[in-house]
Visitor: 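Provided herewith is a single structure, encoded as structure tokens, for subsequent inquiry.
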Amino acid sequence: MATLSELQQLVGWVRRAAPYIHAFGERTFVIGIGGEVLEGDAAKRLAHDCNLLAALEIRLVLVPGARPRIERELARQGLTPVYHRGLRVTDAPALECVKQAMGALRIDIEALFSQGLPNTPMAGSPVRVRSGNFITPKPVGVYDGVDYQFTGTVRRIDVEALNAALDSSDIVLVMPHGHSPSGEVFNLCMEEVAEACASALKAEKLVYLCDAPGLIDERGKLVPEVTAEQAEVCLAGARGISEDLGLYLPYAIRAVKNGVHRAHLIDRDLDGGLLLEFFTPEGVGTVVTREPLARVREAVAEDLGAIVGLIQPLEEDGTLVRRGREVLERELDKFSVLEHDGVVAGCAALYAFGEEGTAELACVAVMPDYRRRGLGALILDHMERRARAAGLKTLFVLTTRTEHWFLERGFVLSDIKSLPRAKRDYYNLQRRSKVFRKTLS
């Protein structure tokens, strides 16, 4: 039985997730699932999580891969897989293996979503799975003298039929094969089908479950977010690129350029990875966007409540000097705020002493959930640019608890005498704040 503390943590998590639940209702998510994910217990856990997403009125399109099953079927038939440029060459015997594998896979997925035992997360679930002929393919053709035969590429997505299926509140299953107008069957790439569906539907999210946590930087740390342009640089340099990422990242980039709001790369082995990525501010994978998620702008009246919420905890623990709401209203023009994916996640203020060519950097605050993303440095860069634009030569800050953060960003320890006279006259001797200065280059 869960302890009271554990239950309270659950309540806290649900409250934190509530804004995302409201935001994602009736939005379309397309999830590309590598065939490895659909083996064993991982498939059951994925079904439970997708069922929950559907219960939250998220419109779900699932595109499963079948490579492991196709390989096993080829081996059973005594056939050797043939690839060229990483793409399967599908001759007539291989196509029969593809049909067998995908038919069995479709049945198994439908069975997964039919579970409703009282002791499972799908108890009482009304969710149904619907599939159909949503794709018109065309042959890949001949490359480097190699005829891909029954390997195809997406020619058209039947958006009207897909939307009709989604409107019925069903989970839509799109198998990676299609039938041409001539009646031929073509084997398709899961990653391409997922991207084509997401782009055609202008989906909120395209998701790939990968063999890696996401993109990894040169220090071995997860890169939580990149723009499409930055992702192209990573791909060109093969930095932090696993086998799956090499396959999926080009389609993720193309998707966001084609109007998909977000593309996510998530570790396929992480239990609950979908829920953690979608319903926590930190996320657990890499999200690819067309434009940066974070931006700093000047504060407006509607930001006042968010600014109060950011600095109040720091005032209460003594990190910041208390400022009343009326003071903040009068001084709102001195504030800049940092937005991350539409959420005001940080702020800072600049109090200029123009005659002395300096300014105080104050009220630097970032929500705890966002502090590991380097957003504080983003605010600082903006405030420095703002000071330079005003013709100021230096910045100073008074701090009692964050001296190392400022030292790491080019500030140097100074003394009270270096403060502008107006600031020096109001220096609080009881707080004993340390003074740090930075010359603006």
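For reference, positions follow the sequence shown, starting with 1. If you're wondering where the values come from, they're calculated on a predicted model, not measured in any experiment. For the numbers below, each heavy atom of this structure counts, side chains included, while hydrogens, waters and symmetry mates do not.
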Visitor: Does any non-hydrogen side-chain atom of E408 lie less than 4.5 Å from one of E403?
Guide: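 Heavy-atom side-chain distance check fails, nothing below 4.5 Å.
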
Visitor: In the structure I gave you, are the side-chain heavy atoms of F29 and V61 within less than 4.5 Å of one another anywhere?
Guide: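 In short, these two side chains do not touch, never coming nearer than 4.5 Å.
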
Visitor: Verify salt bridge (Lys or Arg N to Asp or Glu O under 4.0 Å) between K334 and E331, making sure each step is shown before the conclusion.
Guide: CA-CA 6 Å; K334 303 183 187 304; E331 299 178 347; over 6 Å; no

Visitor: Does a side-chain heavy-atom distance below 4.5 Å link P137 with T153?
Guide: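 Sidechains of T153 and P137: no contact.
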
Visitor: With a cut-off of 6.0 Å (strictly less than), are more than 12 heavy atoms of other residues, nucleotides or ligands near CD of E229?
Guide: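 Count not over threshold, so no.
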
Visitor: Indicate whether any N or O donor in one side chain lies under 3.5 Å from an N or O acceptor in the other, for T286 and E225.
Guide: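 The criterion, which ignores hydrogens and geometry beyond distance, is not satisfied for E225 and T286.
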
Visitor: Determine, stepwise, if the pair E232 / K257 fulfils salt bridge (Lys or Arg N to Asp or Glu O under 4.0 Å).
Guide: CA-CA 12 Å; E232 286 175 331; K257 288 185 175 181; 2.5 Å; yes

Visitor: With rounding to the nearest 0.5 Å, note down the distance linking CE in M175 to CE in M190.
Guide: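 Here the rounded value is 11.0 Å.
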
Visitor: Quick check for you: to the nearest 0.5 Å, what is the distance between Q100 atom CD and L74 atom CG?
Guide: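 The distance works out to 11.5 Å.
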
Visitor: Does this structure show an ion pair linking E26 with R59, if we count only N-O contacts that are shorter than 4.0 Å?
Guide: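 Salt bridge absent between E26 and R59.
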
Visitor: Show the nearest heavy-atom pair for residues L310 and A345, with the distance to one decimal.
Guide: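 The pair with the smallest heavy-atom distance is CD2-O, 3.6 Å.
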
Visitor: CG of L105 to CG of L173: how many Å apart, nearest 0.5 Å?
Guide: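 Separation between the atoms: 7.5 Å.
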
Visitor: Is any side-chain heavy atom of V337 closer than 4.5 Å to a side-chain heavy atom of V296?
Guide: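 No, side chains not in contact.
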
Visitor: Between S168 and A165, is there a donor-acceptor pair closer than 3.5 Å when you use the side chain of the first and the backbone of the second?
Guide: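 Checking the backbone N and O of A165 against the side chain of S168, a donor-acceptor pair under 3.5 Å is found.
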
Visitor: Which heavy-atom pair separates A294 from L378 by the least distance, and what is that distance?
Guide: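 Shortest heavy-atom separation between A294 and L378 comes out as CB-CD2, 3.7 Å.
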
Visitor: Kindly determine whether V14 and F279 satisfy side chain to side chain contact (heavy atoms under 4.5 Å, CB included), including the steps that lead there.
Guide: CA-CA 9 Å; V14 173; F279 299 114; over 6 Å; no

Visitor: So, the side chain of K434 versus the backbone of R401: is there a donor-acceptor pair under 3.5 Å, distance only?
Guide: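 Side chain of K434 to backbone of R401: no pair is present.
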
Visitor: Tell me whether N163 contacts the main-chain N or O of E160 through its side chain, where contact means a donor paired with an acceptor under 3.5 Å.
Guide: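 Not at all, since once roles are kept as given, no pair shorter than 3.5 Å links the two residues.
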
Visitor: Should R128 and E110 count as an ion pair when the cut-off is N to O under 4.0 Å?
Guide: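 Not counted as a salt bridge, because no side-chain N and carboxylate O are separated by less than 4.0 Å.
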
Visitor: Tell me which pairs pass side-chain hydrogen bond (donor to acceptor under 3.5 Å, both in side chains) where either residue lies in residues 200-213, with sequence neighbours left out.
Guide: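 Matches after skipping sequence neighbours: R27-E204, K205-H264, D211-S242.
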
Visitor: Got a donor-acceptor contact below 3.5 angstrom from the Y148 side chain to the H84 backbone?
Guide: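 Side chain of Y148 to backbone of H84, a donor-acceptor pair under 3.5 Å: yes, one is there.
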
Visitor: Under the criterion ring pair (Phe, Tyr, Trp, His ring centres under 6.0 Å), I'd like the reasoning laid out for F411 against F406: C-alpha separation, chi angles, the key distance, then a yes or no.
Guide: CA-CA 5 Å; F411 284 77; F406 287 103; 5.3 Å; yes

Visitor: Apply side chain to side chain contact (heavy atoms under 4.5 Å, CB included) to V207 and V30, showing your working.
Guide: CA-CA 6 Å; V207 183; V30 178; over 6 Å; no

Visitor: Between R254 and E191, is there a side-chain N and carboxylate O pair less than 4.0 Å apart?
Guide: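 Not counted as a salt bridge, because no side-chain N and carboxylate O are separated by less than 4.0 Å.
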
Visitor: S336 and E298: side-chain donor and acceptor closer than 3.5 Å?
Guide: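 The criterion, which ignores hydrogens and geometry beyond distance, is satisfied for E298 and S336.
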
Visitor: Taking side chain as C-beta onward, heavy atoms only, is L338 less than 4.5 Å from V344?
Guide: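 No, too far: nothing below the 4.5 Å cut-off.
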
Visitor: Counting distance only, does the side-chain N/O of D217 pair as donor-acceptor with the main-chain N or O of R219 below 3.5 Å?
Guide: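 Present.
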
Visitor: I would like to know whether R409 and L380 meet side chain to side chain contact (heavy atoms under 4.5 Å, CB included); could you show each step before the answer?
Guide: CA-CA 9 Å; R409 286 154 182 83; L380 177 59; 3.7 Å; yes

Visitor: Is any side-chain heavy atom of P181 closer than 4.5 Å to a side-chain heavy atom of R155?
Guide: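 Answer yes - side chains close enough.
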
Visitor: Rounded to the nearest 0.5 Å, what's the gap from CZ on R295 to NE2 on H382? Could you check?
Guide: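 Rounded to the nearest 0.5 Å, the CZ-NE2 separation comes to 10.5 Å.
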
Visitor: Consider only side-chain N and O atoms of T319 and E315, and report whether a donor and an acceptor are under 3.5 Å apart.
Guide: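 T319 vs E315: no donor-acceptor pair found between side chains.
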
Visitor: Could you check if a side-chain atom of H177 sits within less than 4.5 angstrom of a side-chain atom of F186, using non-hydrogen atoms only?
Guide: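 Contact flag for H177/F186 side chains = no.
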
Visitor: So, S182 versus S180: side-chain donor-acceptor pair below 3.5 Å or not?
Guide: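 A donor-acceptor contact under 3.5 Å links the two side chains.
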
Visitor: Compare every heavy atom of Q149 with every heavy atom of A92, then report the nearest pair and how far apart it is.
Guide: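 Shortest heavy-atom separation between A92 and Q149 comes out as N-OE1, 4.3 Å.
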
Visitor: Strictly by modelled atom types, are R290 and T227 linked by a side-chain donor-acceptor pair under 3.5 Å?
Guide: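 No, no side-chain donor-acceptor contact under 3.5 Å.
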
Visitor: Applying salt bridge (Lys or Arg N to Asp or Glu O under 4.0 Å), run through E282 and R16 and close with a yes or a no.
Guide: CA-CA 11 Å; E282 306 92 331; R16 290 173 67 202; 3.1 Å; yes

Visitor: Could you state the interatomic distance from CG (L166) to OG1 (T28), rounded to the nearest 0.5 Å?
Guide: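 Reported to 0.5 Å precision, the distance equals 5.5 Å.
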
Visitor: Determine the minimum heavy-atom distance between V154 and A196, stating which atoms define it.
Guide: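 Closest approach of V154 to A196, heavy atoms only: CG1-CB, 3.9 Å.
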
Visitor: Does the pair C210 and D267 meet the rule for a side chain to side chain contact (heavy atoms under 4.5 Å, CB included), with working shown?
Guide: CA-CA 5 Å; C210 311; D267 189 347; over 6 Å; no

Visitor: How close do A231 and V226 get, counting heavy atoms only, and between which atoms?
Guide: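 Closest approach of A231 to V226, heavy atoms only: CB-CG2, 4.0 Å.
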
Visitor: State, with a plain yes or no, whether a side-chain heavy atom of L52 is found less than 4.5 Å away from one of L274.
Guide: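 Result no, sub-4.5 Å side-chain heavy-atom pair not found.
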
Visitor: So, does E195 use its side chain to make a donor-acceptor pair with the main chain of Y251 at under 3.5 Å?
Guide: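 No, E195 side chain to Y251 backbone: no donor-acceptor pair under 3.5 Å.
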
Visitor: Look at the rings of F24 and Y20 and say which category their plane angle falls in: under 30° parallel, 30 to 60° tilted, over 60° perpendicular.
Guide: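 If you compare the ring of F24 with that of Y20, the planes turn out tilted.
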
Visitor: Between T90 and L95, is there a donor-acceptor pair closer than 3.5 Å when you use the side chain of the first and the backbone of the second?
Guide: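 The answer is no, because no donor-acceptor pair under 3.5 Å joins these two groups.
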
Visitor: Given F335, which of L328, L350, L304 fulfils the side chain to side chain contact (heavy atoms under 4.5 Å, CB included) condition?
Guide: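 Of the listed residues L328, L350, L304, the side chain to side chain contact (heavy atoms under 4.5 Å, CB included) partner of F335 is L328.
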
Visitor: I need the D244 CG to L265 CG distance, nearest 0.5 Å.
Guide: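 One finds 10.0 Å between CG of D244 and CG of L265.
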
Visitor: Among R67, R268, R69, find the residue that satisfies the salt bridge (charged side-chain N to carboxylate O under 4.0 Å, His left out) test when tested with E36.
Guide: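 Exactly one candidate clears the test, R268.
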
Visitor: R45 and D269: salt bridge (Lys or Arg N to Asp or Glu O under 4.0 Å), yes or no, with the steps?
Guide: CA-CA 10 Å; R45 294 193 295 269; D269 295 323; over 6 Å; no

Visitor: Looking at Q77, I want to see if its CD is surrounded by more than 12 non-hydrogen atoms of other residues, nucleotides or ligands under 6.0 Å.
Guide: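 Enclosed: over 12 neighbouring heavy atoms sit under 6.0 Å from CD of Q77.
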
Visitor: Show the nearest heavy-atom pair for residues I171 and C50, with the distance to one decimal.
Guide: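 Here I171 and C50 meet closest at CD1-O, 4.2 Å.
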
Visitor: Any side-chain to backbone donor/acceptor pair from D91 onto A94? Under 3.5 Å, distance only.
Guide: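 Side chain of D91 to backbone of A94, a donor-acceptor pair under 3.5 Å: yes, one is there.
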
